[in-house]
Amino acid sequence: MERQRVGLFGSTGSIGSSTLDVLARHPERFSVEVLAAHSRVEPLFEQIKRFRPATVGLVDGDRRAALEERLTSLPSSQRPTVVTGQAAVDELAGTANLDIVVAAVVGTAGLRSTWNALAAGKRVLLANKESLVAAGELMLDVARQGGATLLPIDSEHNAIFQCLPAEQAALVGRAGVVEENRDIERLVLTASGGPFRDRPLDDFAAISPEEACAHPNWSMGRKISVDSATMMNKGLEVIEAARLFGVCAERIEVLVHPESVIHSMVRFVDGSVIAELGEPDMRTPIAHALAWPDRIDSGVAPLDFGALAGLHFEAPDPERFPALRLAFEALAAGGSMPLVLNAANEVAVESFLDGRIGFMAIPAAIEAAMAHFAETGGPPLPSSIDAVLDADRAVRDWTATWCSSSPDRVAG
Ligand code: NAD
Ligand code: MG
């Protein structure tokens with residue numbers, strides 16, 4: 001069997017390192033051709049030494065000299081070609097020498113590389129949910145036109161993919177237009193509820209970035225950790241699920257399940273519920289999507305039912321987690337409202353992480369942006385990737401201004 005050539009975008013992140021952990025277990029099956037990251041030279045260099053990619057992308061050109069200096073310690077046959085700058089690195093995702101692209105960049109910054117990979121017909125393992133929320137149907141169109149295979153590695157979507165009948169899963173993988181499927185009653189997205197499920201609501205204003213980033217079950221990057229704490233992560237995932245599986249908002253249910261053992265479920269019309277279970281470890285969905293339709297070892301420990309104290313479920317608390325309601329509203333409004341939601345969230349989360357606004361100002365900023373853009377009728381529904389990025393920029397600018405004058409901004 002010929003080795004599959006993998007390009008990993010966002011290699012130094014949490015999903016990036018989980019992906020490399022799985023790839024390292026299967027050198028006969030996969031080769032790492034491209035590693036790409038934003039600016040962290042040290043971990044990137046360690047990855048280069050271990051995986052010997054032919055090409056490395058480093059978005060931050062100011063860090064090029066630092067990387068090249070380290071590369072001189074390698075024999076010349078092991079030194080990769082180094083590409084710098086956002087546009088050039090994004091281009092790499094569509095190059096001919098890749099079979100698989102792992103889209104693991106965080107935020108809208110990952111949109112263009114994901115797009116390029118889909119347009120070039122790659123097998124794309126999608127972690128970067130933000131690109132699907134912001135660009136919506138355009139992303140699926142380009143996947144179809146390019147003949148790409150789009151496989152979700154977000155754990156909930158990967159779980160649902162696994163619960164679907166095989167033909168239907170294959171259709172989803174081709175970004176096919178899923179007809180209103182009469183067999184499926186609902187998709188059930190599980191959510192851990194994050195670190196603040198039980199914290200008294202009147203104490204929410206005092207939540208610090210460190211507390212928000214300490215997730216009880218999953219170890220993740222800072223942005224998605226805050227998204228989990230506000231439950232905007234689940235909100236983005238509701239929109240991601242609607243797009244990927246072609247279902248409307250009414251057929252998506254969010255269920256808080258603090259143990260994160262059931263990764264999501266499908267309810268069928270006959271009363272059957274099919275779920276995917278396992279340890280909360282991203283290497284499982286990554287291994288699944290790398291090998292699909294085969295199965296390979298992921299390194300994840302088998303689920304020990306005897307050690308489980310129990311599985312618990314509750315409805316999400318709308319007062320605690322207004323972000324979830326906003327996401328359902330954005331999905332129902334359609335058009336570019338999911339893009340507005342996503343862009344406003346990214347700016348608000350950044351402001352929170354920088355200590356400029358309080359925790360509850362995150363949903364407030366998003367709600368204000370959605371109201372503003374609904375009132376002004378725009379931004380228009382983008383028809384190209386450039387238009388998506390322009391609209392994203394406009395919402396970011398507006399939200400940044402809002403955050404800087406927010407009543408909940410942190411003094412000083
Ligand atoms: P992270 O912050 O740990 O890593 C982000 C990666 O993106 C880094 O390698 C960084 O160098 C790279 N990056 C940042 N800006 C970039 C740019 N402009 N161009 C190119 N690369 C850039 O994030 P993460 O937790 O690994 O999450 C990555 C994506 O996967 C997010 O979209 C997140 O929502 C999604 N996701 C993550 C998890 C998880 O468990 N971490 C689970 C499901 C989905
Ligand atoms: Mg998820």
Side-chain angles (χ1 to χ4, degrees), residues 7-21 34-44 46-47 56-61 63 67 83-93 101-117 124-134 152-161 189-192 194 213 215 217-228 231-241 244 254 257 260 262-264 276 279-286 289 342 345-346 349-350 353 389 392:
L8 175 52
F9 291 75
S11 70
T12 54
S14 158
I15 293 288
S17 67
S18 294
T19 304
L20 288 172
D21 185 282
V34 175
L35 289 174
H38 186 265
S39 47
R40 290 173 57 221
V41 163
E42 280 305 332
L44 186 58
E46 292 305 315
Q47 294 176 347
V56 164
L58 183 67
V59 171
D60 183 355
R63 304 292 295 143
L67 178 61
V83 170
T84 50
Q86 186 79 60
V89 172
D90 290 348
E91 284 281 309
L92 291 176
V101 167
V102 183
V105 172
V106 60
T108 314
L111 209 153
R112 210 181 275 272
S113 52
T114 307
W115 178 280
N116 289 343
V124 177
L125 273 54
L126 186 74
N128 179 247
K129 63 193 93 188
E130 295 93 340
S131 61
L132 201 55
V133 173
I153 54 176
D154 208 348
S155 59
E156 297 75 5
H157 307 75
N158 183 272
I160 289 172
F161 187 93
L189 293 181
T190 52
S192 68
C213 287
H215 195 279
N217 304 347
W218 301 91
S219 140
M220 310 181 287
R222 282 167 74 80
K223 191 257 177 186
I224 184 177
S225 295
V226 177
D227 285 348
S228 300
M231 280 193 84
M232 180 50 87
N233 182 49
K234 210 51 51 184
L236 296 173
E237 289 181 357
V238 166
I239 301 173
E240 181 186 11
L244 277 174
V254 172
H257 163 45
S260 300
I262 298 180
H263 300 141
S264 277
E276 187 266 335
E279 287 290 333
D281 187 321
M282 291 305 291
R283 291 177 299 173
T284 293
I286 291 166
N342 177 64
N345 179 56
E346 280 192 40
V349 169
E350 238 172 65
L353 284 172
L389 293 169
D392 176 75

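Position 1 is the first residue of the sequence; numbering continues from there. As the structure lists them, so they are numbered: ligands from 1, and atoms in each ligand from 1.
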J.: Rounded to the nearest 0.5 Å, how far apart are CD1 of I160 and CG of L189?
T.: 4.5 Å
J.: Distance-only, no hydrogens or angles: does the Q47 side chain make a donor-acceptor pair with backbone N or O of S11 under 3.5 Å?
T.: yes
J.: How far is atom 4 (O) of ligand 1 from the closest protein heavy atom, and which atom is that?
T.: G13 CA, 3.1 Å
J.: In the protein, which heavy atom is nearest to atom 36 (N) of ligand 1, and how far is it?
T.: I224 CD1, 3.6 Å
J.: How open is the angle at the Mg ion (ligand 2) from atom OE2 of E237 over to atom OE1 of E156, rounded to 10 degrees?
T.: 100°
J.: For T190, does its backbone N or O pair with a side-chain atom of S264 as donor and acceptor, under 3.5 Å?
T.: yes
J.: Quiz question: by atom type and distance under 3.5 Å, do the side chains of N233 and K129 form a donor-acceptor pair?
T.: yes
J.: Side chain of N116, backbone of A93: donor and acceptor closer than 3.5 Å?
T.: no
J.: Could you check atom 30 (O) of ligand 1 against the protein and tell me its nearest heavy-atom contact, residue, atom and distance included?
T.: A127 CB, 3.3 Å
J.: Does P280 offer a backbone N or O that forms a donor-acceptor pair with the side chain of T284 under 3.5 Å?
T.: no
J.: Mind listing the closest non-hydrogen atom pair of M220 and S14 along with its distance?
T.: CA-OG, 3.7 Å
J.: Purely on distance, is any nitrogen or oxygen of G10 under 3.5 Å from one on ligand 1?
T.: yes
J.: Which atoms of ligand 1 sit under 4.0 Å from any heavy atom of A109?
T.: 17 (C), 18 (N)
J.: Under 3.5 Å, is there a donor-acceptor pair between the side chain of E346 and the main chain of T108?
T.: yes
J.: Give a yes or no on whether the backbone of L58 and the side-chain of R63 come within a donor-acceptor separation of less than 3.5 Å.
T.: no
J.: With a 3.5 Å cut-off and no angle check, do the side chains of D60 and S39 form a donor-acceptor pair?
T.: no
J.: Would you mind checking which non-hydrogen protein atom is closest to atom 21 (N) of ligand 1, with the distance to 0.1 Å?
T.: V105 CG2, 3.5 Å
J.: As an exercise, identify every atom of ligand 1 less than 4.0 angstrom from a heavy atom of S11.
T.: 9 (O)
J.: Which residue holds the protein heavy atom closest to atom 28 (C) of ligand 1, what is that atom called, and what is the gap in Å?
T.: A104 O, 3.3 Å
J.: Tell me the contacting part of R40 for ligand 1: side chain, backbone, both, or neither, using a 4.0 Å heavy-atom threshold, strictly below.
T.: neither
J.: Any chance you could measure I153, atom CD1, to M282, atom CE, to the nearest 0.5 Å?
T.: 6.0 Å
J.: Which atoms of ligand 1 have any heavy atom of V59 under 4.0 Å away?
T.: 19 (N), 20 (C)
J.: With rounding to the nearest 0.5 angstrom, report the CD to OG distance, Q86 to S113.
T.: 7.5 Å
J.: Do me a favour and list the nearest non-hydrogen protein atom to atom 32 (O) of ligand 1 with residue, atom name and distance?
T.: E130 OE1, 2.6 Å
J.: For atom 19 (N) of ligand 1, which candidate among H38, Q86, K129 holds the nearest heavy atom?
T.: Q86
J.: Is it the side chain, the backbone, both or neither of S14 that has a heavy atom closer than 4.0 Å to ligand 1?
T.: both
J.: Report yes if some N/O of I15 lies less than 3.5 Å from some N/O of ligand 1; otherwise report no.
T.: yes
J.: Please confirm whether D154 comes within less than 3.5 Å of ligand 1 when only nitrogen or oxygen atoms on both sides are compared.
T.: no
J.: If I take atom CD1 from residue I262 and atom OG from residue S155, how far apart are they, to the nearest 0.5 angstrom?
T.: 12.5 Å
J.: Name the closest protein heavy atom to atom 5 (C) of ligand 1, giving the residue it belongs to and the distance to 0.1 Å.
T.: V106 CG1, 3.7 Å
J.: For atom 25 (O) of ligand 1, which candidate among G16, P280, G221 provides the closest heavy atom?
T.: G221
J.: Among protein heavy atoms, which lies nearest atom 42 (C) of ligand 1, and at what distance?
T.: M282 CE, 3.6 Å
J.: Going by the order shown, which atoms of ligand 1 are within less than 4.0 Å of some heavy atom of A37?
T.: 11 (O)
J.: Looking at N128, which atoms of ligand 1 are within less than 4.0 Å of one of its heavy atoms?
T.: 32 (O)
J.: Just jot down the ligand 1 atoms closer than 4.0 angstrom to any heavy atom of T12, in number order.
T.: 8 (C), 9 (O), 10 (C), 11 (O)
J.: Identify, by name, the N, O or S atom of D154 lying closest to the Mg ion (ligand 2).
T.: OD1
J.: Looking only at heavy atoms, what is the nearest atom pair of M231 and A191, with distance?
T.: CE-CB, 3.6 Å
